[in-house]
Amino acid sequence: MGAWGYLPFENDDALDWLDELEAGGADVIRKALAKAGDRYVEAPDGAVAVAAAEVTSASQGNPLGELPENVADWVTAHGAEITAEDVEMALEAVARVAGEKSELAELWDDADEPEWRESLDDLAERLRGSLR
């Protein structure tokens, strides 16, 4: 049975990506954020980019509540590798996933679930807060 929720770690794509996260450092985050490039963002890539943005925010001391244990462990071990440039990249990725060229945005808009957009707004605000 698949997992599907509006928070960053409540979907199968993000949960599968956590295995990759555990095996690497900051480059895993950067690669995941880059998945939300200037092209149309497919839902799996968008979900992974949002999860990576959440890890980025947590690495800056601005997590969304309680993190999954493996994410908290990664932040403890590798969070210091995340730079201000990574935070800016995460902000861009969140904006693209929430934008017009995003399958995930289309799916959530069709589902009429405003909590998803609210969660992205909160994530973006926490990321911006770490740049101040």
Side-chain angles (χ1 to χ4, degrees):
M1 180 167 203
W4 194 256
Y6 68 89
L7 293 175
F9 305 110
E10 292 183 342
N11 64 79
D12 288 335
D13 296 310
L15 294 174
D16 290 344
W17 174 75
L18 291 181
D19 291 334
E20 188 178 332
L21 177 69
E22 288 181 70
D27 286 339
V28 174
I29 297 289
R30 294 175 188 124
K31 182 179 170 186
L33 293 172
K35 289 180 182 262
D38 292 332
R39 58 177 169 55
Y40 183 80
V41 182
E42 300 289 339
D45 290 341
V48 167
V50 169
E54 185 59 54
V55 175
T56 301
S57 183
S59 295
Q60 302 300 302
N62 297 312
L64 172 68
E66 193 170 321
L67 296 170
E69 185 177 345
N70 53 349
V71 174
D73 290 346
W74 188 93
V75 168
T76 299
H78 301 282
E81 299 171 29
I82 300 298
T83 67
E85 290 167 347
D86 297 324
V87 174
E88 290 173 5
M89 188 175 179
L91 269 168
E92 291 172 17
V94 170
R96 285 199 281 299
V97 171
E100 294 178 7
K101 295 181 180 179
S102 167
E103 182 181 24
L104 206 52
E106 292 171 9
L107 293 169
W108 281 107
D109 288 348
D110 287 348
D112 197 27
E113 296 283 344
E115 295 89 355
W116 181 76
R117 286 208 177 270
E118 291 167 7
S119 73
L120 290 187
D121 290 344
D122 175 68
L123 174 55
E125 185 58 34
R126 288 183 287 113
L127 286 164
R128 279 190 290 275
S130 67
L131 291 173
R132 293 183 191 128

(message) Check whether Arg96 reaches the backbone of Gly37 with its side chain - one donor and one acceptor, N or O, closer than 3.5 Å.
(response) yes
(message) Can a donor-acceptor pair be found, under 3.5 Å and without considering hydrogens, that links the side chain of Ser59 to the backbone of Val55?
(response) yes
(message) Quick test of your reading: applying salt bridge (Lys or Arg N to Asp or Glu O under 4.0 Å), list the pairs with at least one residue in residues 76-85, sequence neighbours left out, ordered by first then second residue.
(response) none
(request) Indicate yes or no: does Asp13 engage Lys35 in a salt bridge with an N to O separation below 4.0 Å. (result) no
(message) Checking side-chain polar atoms at under 3.5 Å, does Asp73 have a donor or acceptor matched by the opposite partner on Thr76?
(response) no
(message) Whether the side chain of Arg117 engages the backbone of Ala98 through a donor-acceptor N/O pair (distance < 3.5 Å, no angle test) should be reported.
(response) yes
(request) Not counting sequence neighbours, which residues clear side-chain hydrogen bond (donor to acceptor under 3.5 Å, both in side chains) with Asp16? List them please. (result) none
(request) If the plane angle is over 60° it's perpendicular, under 30° parallel, otherwise tilted; pick one for Trp108 and Tyr6. (result) perpendicular
(request) Look at the side chain of Trp17 and the backbone N and O of Ala51, then say whether any donor-acceptor pair between them is shorter than 3.5 Å. (result) no
(message) Assess the residue pair Val94 and Leu91 against the criterion (side chain to side chain contact (heavy atoms under 4.5 Å, CB included)); give the C-alpha distance rounded to whole Å, side-chain angles, the decisive distance to 0.1 Å, and a yes or no.
(response) CA-CA 5 Å; Val94 170; Leu91 269 168; 5.7 Å; no
Can you give each donor-acceptor pair under 3.5 Å made by side-chain atoms of residues 60-70, sequence neighbours left out, with the distance rounded to 0.1 Å?
from	atom 1	to	atom 2	distance (Å)
Gln60	NE2	Ile82	O	3.4
Asn62	ND2	Arg126	O	3.3
Asn70	ND2	Glu22	OE2	3.1

(request) Please answer whether the main-chain N or O of Ala43 pairs with a side-chain N or O of Glu103 as donor and acceptor at a distance below 3.5 Å. (result) yes
(message) Could you report the tightest heavy-atom contact between Leu131 and Ala84, atom names first, then the distance?
(response) CD2-O, 3.8 Å
(message) To check you understand the geometry: which heavy-atom pair defines the closest contact between Ala32 and Val48, and what is its length?
(response) CB-CG1, 3.5 Å
(request) Could you tell me whether Arg30 and Glu92 make a salt bridge, using a distance below 4.0 angstrom between a side-chain N and a carboxylate O? (result) no
(request) Output yes when a side-chain donor or acceptor of Asp122 lies under 3.5 Å from a complementary backbone atom of Ser119, and no otherwise. (result) no
(request) Taking all non-hydrogen atoms of both residues into account, name the closest pair between Ala14 and Ala47 and its distance. (result) CB-O, 4.1 Å
(request) To the nearest 0.5 Å, tell me how far His78 NE2 sits from Asp27 CG. (result) 11.0 Å
(request) Specify the closest pair of heavy atoms between Val75 and Ala58, including all atoms of both residues, with the distance to one decimal. (result) CG1-O, 3.8 Å
(request) Please assess Ile29 against Leu21 for the test side chain to side chain contact (heavy atoms under 4.5 Å, CB included), listing each intermediate value before the final yes or no. (result) CA-CA 7 Å; Ile29 297 289; Leu21 177 69; 3.6 Å; yes
(request) Might you work through the side chain to side chain contact (heavy atoms under 4.5 Å, CB included) test for Trp116 and Leu104, ending with a clear yes or no? (result) CA-CA 10 Å; Trp116 181 76; Leu104 206 52; 4.0 Å; yes
